[in-house]
Amino acid sequence: MEAATAATAAMVWFRKGLRVHDNPALDAGRRASARLYPVFVLDPRYLRPDPAAASPGSARAGVARVRFLLESLADLDARLRRLGSRLLLLRARDDVADTVCAALKDWNIGKLCFESDTEPYALARDKKVTDFAMASGIEVFTPVSHTLFDPAEIIKKNGGRPPLTYQSFVSIAGEPPEPVMEEYSELPRVGDTGEYELLPVPTVDELGYGDISQEEIPPFRGGETEALRRMKESLQNKVDVSAFLELHILNHIHQEWVAKFEKPKGDPSAFLKPATTALSPYLKFGCLSSRHFYQCIQVVYRSVKNHTKPPVSLTGQLLWRDFFYTVSYGTPNFDRMKGNKICKQIPWSESEELFVAWRDGQTGYPWIDAIMIQLRKWGWMHHLARHSVACFLTRGDMFIHWEKGRDVFERLLIDSDWAINNGNWLWLSCSSFFYQYHRIYSPITFGKKYDPNGNYIRHFIPVLKDMPKEYIYEPWTAPLSIQKKVKCIIGKDYPKPVVDHETASKDCRKRMGEAYALSHLDANPTKGKTSNSLRRKISPGDKATSDASNAKLLKCSQDESYQNMAYRTNKTDIFCFCPQDCTTASVNSFDAVAEQSRAPEAALFTT
DNA sequence: GTTTTGTTGTGGGG
DNA sequence: CCCCACAACAAAAC
């Protein structure tokens, strides 16, 4: 087999990383050959409508995220065309990896470039493609560019185990690599695509999700162009503040916002102007480079006297995103309770009735229901709003398994990101990272603290719009005469509470205490096993590249992690890429950010 | 073994 | 706005 030369063609395979800026895979592709094939593969298993789903969309994604993806692809295509290229959109018949392999062969590709992805299903998918490429003599380049750092590098530096606290993560992480921001005016032309059918980017209406004309269109437009515009708006000026102010004053005001950003201090009820940057969807799809964002924040920091610091600062949010990526990469069965060594084993209860009430925004607690309705309509909620409903479902009130809530978030959040979403559910359910289960968010007073008039509730639950503010958070306490007057009878027009918070939360505390006591007995009967020794250790002899570490991971065929990968891959193969919040990124996906109501954010339960 | 630390609780007081 | 009591946890740091 011959090595790739400038005479053979190169392919850039997009999955996440839907951008031109800071794209090392694209950069390598354009230097490798005079012919470059930029490819994205639509996955029918990800996009196929599922009429049985609880809301419009596919089994794996709600309409909001599908729409965001399609918009991002259209924007990527437009930006590539401006450089004399275009996006080659293929539709997988069945398996995305098979489609990529076929194109590699048919187009006689000599070099394949794609961004490294550490999610289990992506590792399995990419291994399939990489194995094929290697066997065919195709050179493969898989740079790390979705996260600030290479998770495999961090794990190696930490002695083979992922750091399990934020502080230890930050202390070994150091400064992230510089983004690749070289300007260029054109890309190599696209080679002959033979008989391949090249699809235009479909609209969400064309995908057959039924009548979605009544669906509220979320305030997030997908794509790199919008991502960069929003980042600029968040970091600089351009706010709709006031046209009368001098520009430098605006800049000052805004930079102050950036410099003073503190994550736990945001207003979760602010929805007209989210309290965070709301950049998490863009980080999740890679429309915005986390490294570019990081550097831009540094520029602002250098222009001001004081600024907040991690973990609460804006850069701190990006580090949280990397933290969850790293832990998820080094922890087998990270997305489950069973077989997950860093997850408390808790006997969650089964109640389909309570779960459905939570999922559908029918708990009878307006603060909880409004958040779940915003999730369904927008695919995005404030980070602390995510905390409220996650706590309510799990350890706070319903005592239902965090995996059930995780699935709902994963499907509906635009910014849902596997590592960040699972990490935040582990956190909020007090299954890992955070253990103070007696601290429970009140479904009544927590929201009231930020929004005493209940404007957020009135917006997302119109039937409550005329409820006096004295009762808006507890409408079941309103006298019947008032209920009649505002045309909202509790138990008829709006549900009665499905649980009593006072007694339910007390019961949850008790059950958590019992589960914790048991976990002590389980984990420490002989004092021989520390949590460290239970964690996977990647041997220091591994090569430093993530490829080598990936290969190592995949070789553990007896390892539960591999079973997990195979399981996920067969069952889903989500996009052709994957999903943070940072700020969390993203619960990150639980994710976002801060203070005065203003700019939009970064992810958690997302980045 | 003991002390400290941990992004993001509530309710009361000032 | 801050501070405290409440009741209380695991893991890291010492």
Side-chain angles (χ1 to χ4, degrees), chain A residues 158 161-172 261-269 275-276 308-321 323-324 327 341-344 346 367 381-392 395-397 420 423-424 426-450 473 501-502 505-506 508-520 522-524 527 529-535 581-588 590-595 601-607:
Chain A
N158 195 48
R161 300 179 202 93
L164 288 184
T165 65
Y166 183 81
Q167 283 309 335
S168 60
F169 173 84
V170 169
S171 65
I172 61 173
F261 180 92
E262 263 185 87
K263 181 81 158 278
K265 292 192 179 170
D267 176 355
S269 69
T276 59
T308 51
K309 305 236 157 35
V312 298
S313 66
L314 221 38
T315 50
Q317 305 311 307
L318 288 172
L319 291 166
W320 275 107
R321 178 172 177 269
F323 170 72
F324 284 123
V327 180
K341 296 300 197 288
I342 67 168
C343 180
K344 289 275 184 194
I346 296 167
W367 171 247
M381 321 87 94
H382 184 275
H383 179 71
L384 290 178
R386 302 179 193 202
H387 278 225
S388 279
V389 296
C391 179
F392 190 87
R395 65 183 171 82
D397 291 85
I420 298 162
N424 277 287
L426 284 164
W427 186 296
L428 260 292
S429 64
C430 285
S431 295
S432 196
F433 308 114
F434 176 77
Y435 307 95
Q436 290 177 254
Y437 59 78
H438 46 276
R439 294 189 184 172
I440 292 173
Y441 290 91
S442 165
I444 297 158
T445 59
F446 184 72
K448 200 186 280 185
K449 180 168 65 179
Y450 300 97
Y473 284 87
H501 176 65
E502 284 303 308
S505 58
K506 275 202 185 90
C508 282
R509 277 192 181 94
K510 181 165 155 278
R511 291 161 84 172
M512 287 298 288
E514 288 162 3
Y516 270 38
L518 267 178
S519 79
H520 280 195
D522 284 352
N524 243 336
K527 300 205 170 184
K529 291 180 177 181
T530 67
S531 57
N532 275 357
S533 68
L534 289 169
R535 263 180 262 145
D581 170 67
C582 117
T583 145
T584 188
S586 316
V587 212
N588 6 261
F590 279 44
D591 255 30
V593 205
E595 199 83 293
E601 167 215 63
L604 256 237
F605 238 80
T606 224
T607 193

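These figures come from a predicted structure and were not determined experimentally. For the numbers below, each heavy atom of this structure counts, side chains included, while hydrogens, waters and symmetry mates do not. Each chain gets a letter, A, B and so on, in the order the sequences are listed, and its residues count up from 1.
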Student: B/dG6 C1' sits how many Å from A/W427 CH2, rounded?
Tutor: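 My rounded result for the distance is 7 Å.
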Student: Measuring from atom CG of A/N424 to atom NE2 of A/H383, what distance do you get when rounded to the nearest 0.5 angstrom?
Tutor: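 Reported to 0.5 Å precision, the distance equals 6.0 Å.
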Student: Listing time: all N or O pairs from protein to nucleotides 11-14 of chain B that are below 3.5 Å?
Tutor:
from: B/dG11; atom 1: OP2; to: A/T445; atom 2: OG1; distance (Å): 3.1

Student: Show me the protein contacts with nucleotides 4-10 of chain C, counting only N or O atoms at under 3.5 Å.
Tutor:
from: C/dA10; atom 1: OP1; to: A/H520; atom 2: NE2; distance (Å): 2.3

Student: Rounded at 0.5 Å granularity, tell me how far CH2 in A/W367 sits from OG1 in A/T445.
Tutor: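 One gets 10.5 Å once the value is rounded to the nearest 0.5 Å.
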Student: Between atom OG of A/S171 and atom OH of A/Y166, what is the distance when rounded to the nearest 0.5 Å?
Tutor: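 The distance works out to 11.0 Å.
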Student: Could you tell me how far apart A/L426 (CG) and B/dT8 (P) are, to the nearest whole angstrom?
Tutor: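 That distance rounds to 16 Å.
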Student: Quickly work out the A/L319 CG to B/dT8 P distance and round it to whole Å.
Tutor: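 Taking atom P of B/dT8 as the reference, CG of A/L319 is at 17 Å.
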Student: Answer yes or no for this row: A/Y166 ring on B/dT7 base, centroids under 5.5 Å, planes under 30°.
Tutor: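 No, aromatic ring not over the base.
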Student: If you measure from the C1' atom in C/dC4 to the same atom in C/dA8, how many Å do you get, rounded?
Tutor: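 About 16 Å, rounded to a whole number of Å.
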Student: Would you indicate which nucleotide in B/dT8, B/dT7, C/dA12 comes nearest to any side-chain atom of A/V312?
Tutor: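 Of the options given, the side chain of A/V312 lies nearest B/dT7.
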Student: Figure out the CD1/C1' separation between A/I444 and B/dT10, and round it to whole Å.
Tutor: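 Rounding to the nearest Å, CD1 of A/I444 and C1' of B/dT10 are 12 Å apart.
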Student: Using only atom types and a distance under 3.5 Å, with no angle test, would you say the side chain of A/S432 pairs donor to acceptor with the backbone of A/L426?
Tutor: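 No: the side chain of A/S432 does not pair with the backbone of A/L426.
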Student: Step by step, would you call A/D397 with A/H501 a side-chain contact (heavy atoms from CB on, under 4.5 Å)?
Tutor: CA-CA 6 Å; A/D397 291 85; A/H501 176 65; 2.5 Å; yes
Student: Determine whether A/F433 and A/F323 satisfy the following criterion, ring pair (Phe, Tyr, Trp, His ring centres under 6.0 Å), listing intermediate values before the conclusion.
Tutor: CA-CA 11 Å; A/F433 308 114; A/F323 170 72; 5.6 Å; yes
Student: Can you tell me how far apart OG (A/S429) and CZ (A/R395) are? Round to the nearest 0.5 Å.
Tutor: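 Rounded to the nearest 0.5 Å, the OG-CZ separation comes to 8.0 Å.
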Student: Counting the atoms with a prime plus P, OP1 and OP2 as sugar-phosphate, which does A/T165 contact under 4.0 Å by heavy atoms, base, sugar-phosphate, or nothing?
Tutor: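 Sugar-phosphate contact only.
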Student: Do A/Q317 side-chain atoms and A/P311 backbone N/O form a donor-acceptor pair below 3.5 Å?
Tutor: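 A pair under 3.5 Å: yes.
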Student: Can you name the nearest heavy-atom pair linking A/I440 to A/G396, along with the distance?
Tutor: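 That closest heavy-atom pairing would be CG2-CA, 3.8 Å.
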Student: Starting at atom CZ of A/F446, determine the distance to atom C1' of B/dT10, rounded to an integer number of angstrom.
Tutor: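 Spelled out: CZ on A/F446 to C1' on B/dT10 is 11 Å.
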Student: Expected output check: what is the dot-bracket annotation of DNA chain C, where ( ) and [ ] are pairs inside the strand (brackets for crossing ones), | is paired with another strand, and pairs are Watson-Crick or G-U under 3.5 Å?
Tutor: ||||||..||||||
Student: How long is the span from the CD atom in A/E514 to the CD1 atom in A/I346, to the nearest 0.5 Å?
Tutor: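 Interatomic distance, A/E514 CD to A/I346 CD1, rounded to 0.5 Å: 12.0 Å.
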Student: At what distance, to the nearest 0.5 angstrom, does NE2 of A/H438 lie from SG of A/C430?
Tutor: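 So the NE2 of A/H438 and the SG of A/C430 are separated by 8.5 Å.
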Student: Between A/Y450 (OH) and C/dC1 (P), how many Å, whole number?
Tutor: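 Rounding to the nearest Å, OH of A/Y450 and P of C/dC1 are 11 Å apart.
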Student: Look at the aromatic rings of A/Y516 and A/Y435 and report parallel, tilted or perpendicular, splitting at 30° and 60°.
Tutor: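 Rings of A/Y516 and A/Y435: perpendicular, over 60°.
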Student: Specify the separation, in whole Å, of atom NZ of A/K448 and atom P of B/dT10.
Tutor: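 About 12 Å, once rounded to whole Å.
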Student: Separation of A/Q167 atom CD from C/dA11 atom P, in whole Å?
Tutor: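 Between P of C/dA11 and CD of A/Q167: 17 Å.
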Student: Please classify the nucleic acid contact of A/K449 as base, sugar-phosphate, or nothing, using heavy-atom distances under 4.0 Å.
Tutor: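 Sugar-phosphate: the residue A/K449, judged by heavy atoms under 4.0 Å, touches backbone atoms but no base.
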